Amino acid sequence: MNTQPNTASARTLAAQPLAIITGASSGIGAATARALSDLGHPLLLLARRVERTEALGLPNALARSVDVTDAKEVAAAVREAEELYGHADLIVNNAGVMLLGEVAHQDASEWERMFDVNVRGLLHGVRAVLPGMIERGSGTIVNVSSVAGRRTYANHTVYSGSKFAVHGMSESLREEVSGHGVRVITIAPGAVETELLSHTTDEAVKADYQAFKDSIEVLVPEDVAAAITFAYQQPQRVTLRELVLAATAQAA
């Protein structure tokens, strides 16, 4: 993929408005990138592992190595993409980390990492696009949360806290911007076959969760990408405020 495409040709070739995806290097982010590319959207793909986003080989896609906890990096990448492809009509705030463990034993640095990425990182994505969306009176913000942002599970205390924050912020933000024609959508998946579990450092907790995943047919990233694109493709006057999806066999 050409990460430095010609501005004039990019604007001419883009049949749809710009979509931005954080955490685009694997899992839900990569699947969503492919789905939106198939629909003709130029893309800004943000991830620390830029070689993975480049390897997706998608047309009209700008890949940038960005840490979402750095507001300046996020804003600069968005400005660059908008200069290239026009204004951002969609951002999918997908970047996240899941570090499961018992609070009594978990290193506090893992708590900080989850809130830095899952909460502050998401806000940085929102802030980078929201003023322009309000000014234009249109746009869609998709925040990827989790069923763990709606109910609690053992060993999920801090992770759930970060995702409960995503749910609360998303709904409050939706109320703030609804009068400006901007949509805010929360996507809450259950267990998904992604790299997310690999972030967990507690091997016993990781093994227990993996055993649960192996016991049922969990979601695949394409399932979540399909939900995101379905919500986005509704008329701008329609907001699917929250979509909760999980494997049929996942009871909780």
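Since we're looking at a predicted model, the values are computed, not measured.
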Closer than 3.5 angstrom, by distance alone: can the side chain of [X] be matched with the main-chain N or O of [Y] as a donor-acceptor pair?
X	Y	value
S162	F115	no
K163	V144	yes
Y153	A252	yes
E82	A88	yes
D223	V220	yes
S172	G168	no
S160	A148	yes
R241	E171	no
H124	V68	yes
S37	R34	no

Residues E242 and R150 bridged, charged N to O under 4.0 Å: yes
Salt-bridge criterion met for E110 and R113 (N-O under 4.0 Å): no
Please check if any side-chain donor atom of [X] sits under 3.5 Å from a side-chain acceptor atom of [Y], or the reverse.
X	Y	result
T186	H167	no
R49	S25	yes
N143	S170	yes
T69	R120	no

L196-V244 co-clustered via ILVMFWY side chain contacts under 4.5 Å: no
Cluster check V205, V147: I/L/V/M/F/W/Y, side chain < 4.5 angstrom: no
Nearest 0.5 angstrom please: [X] [atom1] to [Y] [atom2], how far?
X	Y	atom1	atom2	result
L243	I185	CG	CD1	7.5 Å
I20	L36	CD1	CG	11.5 Å
T229	D38	OG1	CG	10.0 Å
Q106	D202	CD	CG	8.0 Å
L45	T32	CG	OG1	10.5 Å
E102	H105	CD	NE2	4.5 Å

Which pair of non-hydrogen atoms, one from [X] and one from [Y], has the smallest distance, and what is that distance?
X	Y	answer
T53	A63	OG1-CB, 3.3 Å
G23	A95	N-CB, 3.7 Å
Q210	L197	OE1-CD2, 3.4 Å
V66	L46	CG2-CD2, 3.9 Å
G190	L219	N-CD1, 4.1 Å

Identified salt bridge (Lys or Arg N to Asp or Glu O under 4.0 Å) partner of R64 from the options E80, E54, E73: E80
Within the 4.5 Å heavy-atom criterion, are [X] and [Y] side-chain neighbours or not?
X	Y	value
L44	I21	no
L100	K206	no
P221	V192	yes
V50	R48	no
L18	L43	no
V103	V158	yes
L62	Y85	yes
L39	Y232	no

Are there more than 12 heavy atoms of other residues, nucleotides or ligands under 6.0 Å from atom [atom1] of [X]?
X	atom1	result
Q234	CD	yes
R136	CZ	yes
F212	CZ	yes
E217	CD	no

Derivation and outcome, side chain to side chain contact (heavy atoms under 4.5 Å, CB included), residues T140 and V184: CA-CA 6 Å; T140 302; V184 180; over 6 Å; no
is_close_aromatic(F164, H156), centroid dist under 6.0 Å: no
CA sep, side-chain torsions, deciding dist, call: V126, I91, side chain to side chain contact (heavy atoms under 4.5 Å, CB included): CA-CA 8 Å; V126 169; I91 186 168; 5.7 Å; no
ring-ring contact (aromatic ring centres under 6.0 Å, His included) evaluation trace for Y159 with H199: CA-CA 12 Å; Y159 177 69; H199 302 160; 9.7 Å; no
Side chain to side chain donor-acceptor pair (under 3.5 Å) between N155 and Y209, worked out: CA-CA 10 Å; N155 301 317; Y209 193 85; over 6 Å; no
Evaluation steps, side chain to side chain contact (heavy atoms under 4.5 Å, CB included), between V142 and I187: CA-CA 7 Å; V142 173; I187 302 291; 3.6 Å; yes
V92/T22 under side chain to side chain contact (heavy atoms under 4.5 Å, CB included): CA gap, chis, key distance, verdict: CA-CA 6 Å; V92 180; T22 70; over 6 Å; no
